[in-house]
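Keep in mind that this is a model prediction, so the values were computed, not measured.
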Amino acid sequence: DVLNVVELEKPEGVIVQYGGQTPLRLARGLQEAGVPIWGTPPEQIHRAEDRGAFDALLEQLRIPRPRGASVRSLKEAKRAARELGYPVLVRPSYVLGGRAMEIAYDEDDLERYLKEAADASPEHPVLIDRFLEGAVEVDVDAVADGERCVIAGVMQHIEEAGVHSGDSSCVLPPFSLSPNVLERIRAYTKELARALRVVGLLNVQYAVSGEEVYVLEVNPRASRTVPFVSKATGVPWAKVGAWVMAGKSLPELSVPEEPSPLGYAVKAPVFPFDRFWVDPVLGPEMKSTGEVMGLGATVGEAFLKTQRNLKTKLPTEGGVFVSVSDPDQPRVVPIARRLHAIGFQLYATRGTARALEEAGLPVTRVHKLGEGHPNGLDLLRSGKVHLVINTPLGKVSHRDDAHIRLAAMRERLPYVTTLEGARALVEAIEVLREEEFTVRALRGSAVVRNV
């Protein structure tokens with residue numbers, strides 16, 4: 001179909017960077033058919049998308065990535081997963097929206113997910129990566145002209161790594177990453193753009209574990225975050241990318257380096273869970289159907305505006321049910337302390353309650369499911385709880401907590417599954433209680449010559 005259009009229109013150039021993964025898959029075939037591809041060369045697109053070629057590039061540049069393997073059979077997959085250690089991320093190459101991408105906690109999961117991944121992209125190998133539970137994910141949008149690279153925006157995800165970027169709330173600029181981590185993220189992005197001879201737009205996804213920075217993937221195309229970054233910074237990045245692909249250099253266009261928004265900008269996903277009653281837990285496969293945006297002087301104010309846009313009814317008082325994984329128990333204490341300070345009653349399961357009690361916080365203990373009554377489900381149905389904080393870790397926890405998640409949906413209760421999400425929600429509640437939010441206009445487009 002594309003070749004028919006090309007034959008009729010006889011274009012001077014064809015841009016493949018603005019249609020997700022589908023045009024990237026077509027790029028090589030189009031080039032071989034004599035179609036003039038503008039922007040990043042198709043062989044470099046393949047270098048970013050092909051696992052073996054990309055691993056070789058990262059090794060050459062000495063840029064770390066989570067250990068992984070490319071497999072074409074169940075036997076290879078099982079051997080790779082055992083060597084990497086569970087949990088592992090299973091994903092097909094060349095797919096859009098994280099389709100058929102899953103976290104496998106054991107061989108049973110691996111066998112089931114591998115079939116889905118192979119069905120989603122039968123002509124390409126399946127990728128298996130060591131999954132970093134609890135890591136912070138970062139998205140970077142950039143534009144390059146083959147020589148120079150400009151960072152458009154560095155976005156810190158509120159949800160942990162492993163949640164698809166389209167389903168994750170993200171904040172521009174980053175709010176808790178160290179200067180050292182940010183410096184390495186910028187340096188790696190520019191090195192990758194130069195090595196891949198990127199002309200046009202580029203999106204890089206990172207996982208940050210402590211002070212370690214790992215590259216998850218590089219997309220030599222526009223990401224879904226480009227409109228968000230454009231509105232937040234006042235620079236029309238898609239238009240800049242098009243001019244660069246048409247032959248302009250970044251200095252000619254006077255493109256600013258990483259312009260900051262006025263305050264903070266938050267992007268939050270819209271989910272269809274109020275229409276489709278399924279487990280709302282987030283993972284590598286994209287489930288959102290839209291996005292909203294909020295601008296504010298603080299992360300809390302910007303996040304509050306996204307929740308108002310989503311029609312989420314945040315409580316300003318009442319009860320909060322807290323049940324977090326063992327590693328998260330010490331880290332949930334400051335969040336619980338803030339909620340207690342503004343008048344919330346704390347309810348928690350055994351391990352979490354012990355951590356809160358040891359910190360001197362008053363808490364009502366609640367049984368886990370299967371331990372008796374009253375348990376978490378009883379509590380949610382009682383009307384005493386107005387907010388749920390739960391961070392599942394591992395296969396059993398993810399499955400057991402599905403009942404809690406579905407109950408929270410039925411009761412229309414705000415529910416968060418990450419500590420960063422809980423922290424942002426608490427900040428939003430504090431802003432809501434003080435009514436300290438303001439109306440902010442989007443920035444007008446910055447002056448970019450020839451655009």
[X]-[Y] side chain donor-acceptor pair, cut-off 3.5 Å:
X    : Y    : value
Y347 : S323 : no
R28  : Q31  : no
T225 : D139 : no
Q307 : N309 : no
D106 : Y86  : no
S209 : E212 : no
Q21  : E49  : yes

Would you say the side chain of [Y] lies within less than 4.5 Å of the side chain of [X], judging by non-hydrogen atoms?
X    : Y    : value
C149 : V143 : no
V416 : V388 : no
P64  : V213 : no
Q205 : E137 : yes

Criterion side chain to side chain contact (heavy atoms under 4.5 Å, CB included) against R47, the qualifying member of V218, T40, L196: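 Answer after filtering V218, T40, L196: L196.
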Which of these passes side chain to side chain contact (heavy atoms under 4.5 Å, CB included) with Y206: V136, T189, I63?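 Between Y206 and the candidates, side chain to side chain contact (heavy atoms under 4.5 Å, CB included) is satisfied uniquely by T189.
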[atom1]-[atom2] distance between [X] and [Y], expressed to the nearest 0.5 angstrom:
X    : Y    : atom1 : atom2 : value
R184 : S178 : CZ    : OG    : 7.0 Å
M245 : D145 : CE    : CG    : 12.0 Å
Q156 : Y264 : CD    : OH    : 9.5 Å
S223 : F228 : OG    : CZ    : 11.0 Å
Y188 : L192 : OH    : CG    : 10.0 Å

Looking at every heavy atom in both [X] and [Y], which two are closest together, and how far apart are they?
X    : Y    : answer
Q17  : R221 : O-CB, 3.5 Å
P42  : I37  : CG-CG1, 4.1 Å
F303 : S169 : CE1-OG, 4.2 Å
L172 : A232 : CD2-CB, 3.7 Å

Greater than 12 external heavy atoms within 6.0 Å of [X]'s [atom1]:
X    : atom1 : answer
E257 : CD    : yes
E211 : CD    : yes
E59  : CD    : no
K368 : NZ    : no

Using atom types as modelled and distance alone, determine if a side-chain donor or acceptor of T391 lies under 3.5 Å from a backbone N or O of S325.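 Looks like yes, one N/O pair under 3.5 Å.
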With a 3.5 Å distance limit and no angle check, can you tell me whether D328 reaches the backbone of V324 through a side-chain donor-acceptor pair?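 Not a single qualifying donor-acceptor pair exists.
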For D1, check side-chain contact (heavy atoms from CB on, under 4.5 Å) against everything at least two apart and list the hits.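 For D1, the residues satisfying side-chain contact (heavy atoms from CB on, under 4.5 Å) (neighbours in sequence not counted) are N4.
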Under the side-chain contact (heavy atoms from CB on, under 4.5 Å) test, residues paired with R338 that sit two or more places apart: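 Expected list: R423, V426, E427, E430.
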I'd like to know if E107 pairs up with R82 as an ion pair, taking the criterion as any Lys NZ or Arg NE/NH1/NH2 lying under 4.0 Å from an Asp or Glu carboxylate oxygen.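 The answer is yes: the pair qualifies as a salt bridge.
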Inspect the contact between E217 and R65 and indicate whether a charged nitrogen and a carboxylate oxygen are less than 4.0 angstrom apart.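 Judged by the 4.0 Å cut-off on N to carboxylate O distance, R65 and E217 do not form a salt bridge.
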D326 vs Q329, test: side chain to side chain donor-acceptor pair (under 3.5 Å). Steps then yes/no. CA-CA 5 Å; D326 290 351; Q329 286 168 9; 3.1 Å; yes
Could you walk me through whether V229 and M155 pass side chain to side chain contact (heavy atoms under 4.5 Å, CB included), step by step? CA-CA 9 Å; V229 176; M155 292 153 277; 3.7 Å; yes
